[in-house]
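This report concerns only the one structure given below.
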Amino acid sequence: MKVTFKLETFEGPLDLLLHLIDKAEVDIYNIPIKEITDQYLEVLDGMQELELEVTSEFLVMAATLLAIKSKMLLPKPPVELMPDDMDWLDGEDGFDPRDELVQKLIEYRKYKDIADHLREKEAERSLIYTREAVDLTPYVHQAPSNPVEGLDLADLLLAFRKALKKQISRNRVAMIQRDEISVKDRITQVVEILQEAGGKLLFSRLLSPENTREEIVVTFLALLELMKMKTVVCYQHKLFEDIVIQAREEGCWDAVAQIEVDY
């Protein structure tokens, strides 16, 4: 009967032996050395028929299997005649010639399983796309600055006392009497200030931060009335600069005294 082998790629003789043992479904601790050796030699013959390169390590393993097979086939001498240095015998009273090979196979299988596991992890990792590192500094949470950093309890107490004093002063009630001024009176005041200034002055000199809203309005009305009477002329040297007020004639002040306004 002709047997056909499907040859695979093996990493070494131990890899081939493990393949044969797994295929035969036998216990690695009790290898049927005769059957495994015959299958191993048939695989080597198939490789040579296909003109595949057979490395020396495969041939060394074949020789090792044949040696173990021959030792297993030798008859056991009587127990009473067995010398102490005969370590090649099988059985309870001697060493199994397969022990060394079994230990090598177990060790090789352990590292092979680890290599297969790492290969699977590598395949899984190759399916993951990793984005290049980016600068995440703009997204880092910035702790807000402490507005009272560097202050102690005494500073806070002093600030609290100042706040209380301001609150007390706000609650005070005072009667304020408003001094009303007419447009006519304000015209007279503007003329007097203009005469003291030599007939020319800036509009900002007519007002001060202490003037109320009513006083500012009355001042504008008085100035407009003087311009209407053609007593003064107003102009600016440049845009948004202070307004210059200048008297037209020296004898025009007498007419101002005779002015009559309704407001």
Side-chain angles (χ1 to χ4, degrees), residues 1-79 81-141:
M1 180 178 179
K2 185 176 180 181
V3 180
T4 303
F5 288 94
K6 181 181 178 181
L7 301 179
E8 300 181 9
T9 303
F10 301 101
E11 298 179 359
L14 292 177
D15 193 24
L16 175 56
L17 278 178
L18 279 179
H19 171 73
L20 296 175
I21 292 173
D22 294 338
K23 186 177 180 181
E25 298 181 354
V26 296
D27 186 6
I28 194 173
Y29 293 97
N30 190 18
I31 301 174
I33 197 68
K34 181 179 182 303
E35 290 79 1
I36 296 299
T37 302
D38 294 340
Q39 294 178 13
Y40 185 89
L41 294 177
E42 289 178 4
V43 172
L44 292 186
D45 292 339
M47 295 172 65
Q48 292 177 351
E49 289 179 2
L50 294 176
E51 297 182 356
L52 299 177
E53 182 181 358
V54 181
T55 58
S56 59
E57 57 184 2
F58 283 92
L59 300 178
V60 171
M61 180 58 68
T64 302
L65 291 173
L66 290 174
I68 295 175
K69 179 181 178 182
S70 62
K71 290 180 181 180
M72 296 290 293
L73 294 176
L74 289 176
K76 298 179 182 179
V79 176
L81 300 177
M82 185 188 302
D84 295 337
D85 58 348
M86 295 180 66
D87 56 354
W88 48 272
L89 295 177
D90 186 18
E92 297 179 357
D93 299 328
F95 292 97
D96 192 336
R98 300 171 297 180
D99 288 345
E100 184 178 356
L101 179 61
V102 169
Q103 293 300 324
K104 291 182 179 180
L105 289 173
I106 294 174
E107 194 75 14
Y108 180 79
R109 171 172 284 179
K110 180 176 66 175
Y111 287 106
K112 183 179 180 181
D113 292 342
I114 295 175
D116 292 340
H117 177 72
L118 294 177
R119 195 176 295 111
E120 292 176 359
K121 292 297 182 181
E122 180 184 7
E124 294 177 0
R125 187 64 180 82
S126 63
L127 300 177
I128 301 175
Y129 174 76
T130 303
R131 183 180 179 182
E132 295 183 359
V134 296
D135 184 15
L136 300 179
T137 305
Y139 304 99
V140 176
H141 176 70

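- For the atom pair CZ (Phe58) and CG (Leu44), the distance works out to 7.5 Å, reported to the nearest 0.5 Å.
- Screening residues 132-141 for side chain to side chain donor-acceptor pair (under 3.5 Å), with sequence neighbours left out, gives Asp135-Thr137.
- Checked against side chain to side chain contact (heavy atoms under 4.5 Å, CB included), Glu57 has the following partners two or more places apart in sequence or in another chain: Pro13, Thr55.
- Taking OH of Tyr40 as the reference point, atom CG of Asp45 lies at 11.5 Å (rounded to 0.5 Å).
- Separating the CG atom in Leu101 from the CG atom in Leu14 is a distance of 7.0 Å, to the nearest 0.5 Å.
- Note on residues 103-112: pairs passing salt bridge (Lys or Arg N to Asp or Glu O under 4.0 Å), not counting sequence neighbours, are Asp15-Lys112, Asp22-Arg109, Glu100-Lys104, Glu107-Lys110.
- Applying the side chain to side chain contact (heavy atoms under 4.5 Å, CB included) criterion to Val60, with sequence neighbours excluded, gives Thr64.
- In this structure, Ile31 and Ile68 have side chains that are not in contact, with every pair of non-hydrogen atoms separated by 4.5 Å or more.
- Proximity of Leu41 to Leu65: side-chain heavy atoms (C-beta onward) are nowhere separated by under 4.5 Å.
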Return all side-chain donor-acceptor pairs below 3.5 angstrom for residues 114-124, not counting sequence neighbours, or 'none' if the list is empty.
| unit_1 | atom_1 | unit_2 | atom_2 | d |
| --- | --- | --- | --- | --- |
| Asp116 | OD1 | Arg119 | NH1 | 2.7 |

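- A heavy-atom distance below 4.5 Å is found between the side chains of Arg125 and Thr130.
- For the salt bridge (Lys or Arg N to Asp or Glu O under 4.0 Å) condition, the pairs that include at least one residue of residues 24-39, sequence neighbours left out, are Lys34-Asp38, Asp38-Lys69.
- The side chain to side chain donor-acceptor pair (under 3.5 Å) search around Asp113 returns none, not counting sequence neighbours.
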